[in-house]
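Take a look at the structure below.
Note that ligands are numbered from 1 as they come in the structure, with each ligand's atoms numbered from 1 the same way.
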Amino acid sequence: MLRDRHGRPEGDHFVHHGTDLETVWEGEVPHLTPNDRFFVRNHTGPAAVDAASWRLLVTGDGVGREATYTLSELQSFTSRTDELALECTGNGRRYFADQQGHERPGTQWGLGAIGVARWTGVPLGTILRHAGLLDSAVQVMAVGLDEPYVDGGVNHGRVRRPLPIAKALDDVLIAWGMNGQPLPRDHGYPARLIVPGWVGIASIKWLGELRVTTTAETSPWNTKWYRMHGVGWSDENSTLDRMPVMSCLDTVGGPRSGATVGRKTHLRGRAWAGEAAISRVEVSTDGGRRWHDATLVGANEPSCWVAWTLPWTPGRAGSHDLVVRATDTTGRRQPERAPDNEDGYLFSAAVRYRVDVACQAAG
Ligand code: MTE
């Protein structure tokens, strides 16, 4: 079998973490992530749903009547297509070990548990209102149709997580389209939630039910997992919703080429910030002593990512520590250390990259 330079079968664009797939890029990263390169995070496995018999159920004491919708009924409402990032809560978990000296359990994602797609669907608010949403409703429990999640002999039921009503009515989509195609099976076919800027677990795949309630209900996906646990975390600050500001370095001088003393190269990367947009990206080529403003390139919208570039002419050979940090439009800047927590969620610190500079170009 042919293998690429990372040892993966040729044509495989993922790092495999059990059933989870992490996107790996070589060189420049496209603004939109192709469907077959989009990271996958499944608690059990993809649900096998027959779209013809599939129904979305809207239930609970927060709607005037119980309602069901077929896929074509959902598609008959006015739809929207939004370019949005989807990011796993554990994106960057590996760096708790690599940069902060504490390995945290769970999938050891690098920074490839994020992608950007054009999602087509109907606003969740449209469907809730159509089903007779009551003023007294406070949340929506979105329930997936994948197999119940069993862990350590305990059956935790179907993957589900409550969404506060304010976010549900703001910008959430019930999506059936991804980059102009039906949702691939791994990404929630035939319909899923897309919750812009929030932890990936909020974007429930293989959506089967929306339970709208007038009192707050919990699920293990907002109490046991996907919540901050450990020293310094309490009921007041441990809820996980918005993703933090983050950035990465993608290329040093173009695909597969390194940097050479005295020769100008172009550092490139991306930055993103949960619900916000990016206001600034800074790069240090000396381990964080001096910082240089990078140029933001192309679209820079909330709940998405933006590309950045910075010319660099290395003055000496040998290894250099490059560090990238971003600031978002709400003023959040990536810290030197991410707030620690037992499950390794929301790694948000500036990431460091060791780059070797050659004396001269290979002949
Ligand atoms: N929804 C269901 N029903 N089951 C799941 O396992 N995983 C969640 C979320 N929605 C999950 C789910 C998590 S943790 C993430 S990060 C995103 O889906 C991943 O979406 P993707 O696999 O399409 O990239």
Side-chain angles (χ1 to χ4, degrees), residues 13-24 32-49 54 56-57 84-93 106-121 124 140-151 156-163 172-179 181-211 219-222 224-227 240-243 246 272 274 305 343-347:
H13 302 298
F14 295 109
V15 173
H16 294 243
H17 304 276
T19 54
D20 296 338
L21 303 179
E22 175 172 359
T23 308
V24 191
L32 290 180
T33 310
N35 293 359
D36 61 359
R37 299 196 66 166
F38 210 96
F39 82 97
V40 174
R41 166 74 178 116
N42 289 338
H43 281 77
T44 55
V49 180
W54 176 83
L56 174 63
L57 204 60
L84 297 165
L86 176 66
E87 183 180 12
C88 188
T89 325
N91 196 22
R93 179 178 286 122
T107 302
Q108 294 301 302
W109 301 107
L111 287 177
I114 180 170
V116 167
R118 305 189 78 222
W119 305 99
T120 301
L124 173 58
V140 182
M141 182 78 77
V143 188
L145 291 171
D146 35 346
E147 288 299 309
Y149 180 61
V150 180
D151 181 38
H156 295 281
R158 292 198 187 277
V159 177
R160 62 200 185 280
R161 197 170 199 263
L163 193 60
V172 177
L173 284 182
I174 301 174
W176 55 76
M178 182 176 183
N179 292 325
Q181 301 291 319
L183 283 180
R185 189 161 171 237
D186 256 332
H187 298 290
Y189 180 81
R192 72 177 301 168
L193 287 189
I194 290 292
V195 182
W198 279 36
V199 289
I201 183 63
S203 293
I204 292 293
K205 302 194 272 190
W206 313 289
L207 192 60
E209 186 182 347
L210 296 167
R211 208 177 298 147
S219 96
W221 284 268
N222 76 325
K224 184 173 170 59
W225 310 292
Y226 301 99
R227 182 179 195 88
L240 291 182
D241 45 34
R242 295 168 181 82
M243 290 300 287
M246 206 50 214
W272 57 93
W305 63 28
D343 300 294
Y345 293 133
L346 307 193
F347 186 86

Proximity flag R192 to ligand 1, non-hydrogen atoms under 4.0 Å: yes
Separation between CG of N35 and CG of N179, rounded to the nearest 0.5 Å: 4.5 Å
Heavy-atom side-chain contact between T23 and F14 under 4.5 Å: yes
Ligand 1 atoms in contact with C88 (distance to a heavy atom under 4.0 Å): 16 (S)
Interatomic distance, H187 atom NE2 to Q181 atom CD [nearest 0.5 angstrom]: 12.5 Å
Protein contact of atom 1 (N) of ligand 1 - nearest heavy atom, named by residue and atom, plus distance: K205 N, 2.9 Å
Aromatic plane relationship, Y345 with Y226 - under 30° parallel, 30 to 60° tilted, over 60° perpendicular: parallel
Element-labelled atoms of ligand 1 that are located less than 4.0 Å from some non-hydrogen atom of N42: 6 (O)
For W206, atoms of ligand 1 separated by under 4.0 Å from a heavy atom: 2 (C), 3 (N), 4 (N)
Numbered atoms and elements of ligand 1 in range of H187, under 4.0 angstrom, heavy atoms: 21 (P), 22 (O), 23 (O), 24 (O)
Geometric class of the W221/W225 ring pair [parallel <30°, tilted 30-60°, perpendicular >60°]: tilted
For ligand 1, the portion of T89 having any non-hydrogen atom under 4.0 Å away: neither
Under 3.5 Å donor-acceptor pairs involving side-chain atoms of residues 198-210, not counting sequence neighbours:
| unit_1 | atom_1 | unit_2 | atom_2 | d |
| --- | --- | --- | --- | --- |
| W198 | NE1 | E275 | OE2 | 2.9 |
| S203 | OG | V195 | N | 3.0 |
| K205 | NZ | R41 | O | 3.1 |
| K205 | NZ | N42 | OD1 | 2.6 |
| K205 | NZ | D186 | O | 2.9 |
| W206 | NE1 | R185 | O | 2.9 |
| E209 | OE2 | T59 | OG1 | 2.8 |
| E209 | OE2 | R211 | NE | 3.2 |

Spatial distance of atom CG (L32) from atom CZ (R37) [nearest 0.5 Å]: 13.5 Å
Which residue and heavy atom of the protein sit nearest atom 13 (C) of ligand 1, plus the separation: R41 CG, 3.7 Å
W272 vs M246, side chain to side chain contact (heavy atoms under 4.5 Å, CB included): CA-CA, chis, key distance, verdict: CA-CA 5 Å; W272 57 93; M246 206 50 214; 3.4 Å; yes
Ligand 1-proximal atoms of S203, by part, heavy-atom distance under 4.0 Å: backbone
Contact check: F39 vs ligand 1, nitrogen or oxygen atoms, below 3.5 angstrom: yes
Test item, Y226 contacting ligand 1 (heavy atom, 4.0 angstrom): yes
Spacing of CG belonging to L173 relative to CZ belonging to R192, to within rounding of 0.5 Å: 11.0 Å
Separation between CZ of F347 and CG of N91, rounded to the nearest 0.5 Å: 10.5 Å
Proximal ligand 1 atoms for V40, defined as those under 4.0 Å from one of its heavy atoms: 22 (O)
Closest approach of any protein heavy atom to atom 2 (C) of ligand 1, naming residue and atom: D146 OD2, 3.4 Å
Heavy-atom nearest neighbour in the protein, as seen from atom 17 (C) of ligand 1, with distance rounded to 0.1 Å: G200 O, 3.6 Å
Those atoms of ligand 1 less than 4.0 Å from some heavy atom in G144: 3 (N)
Proximal ligand 1 atoms for F38, defined as those under 4.0 Å from one of its heavy atoms: 24 (O)
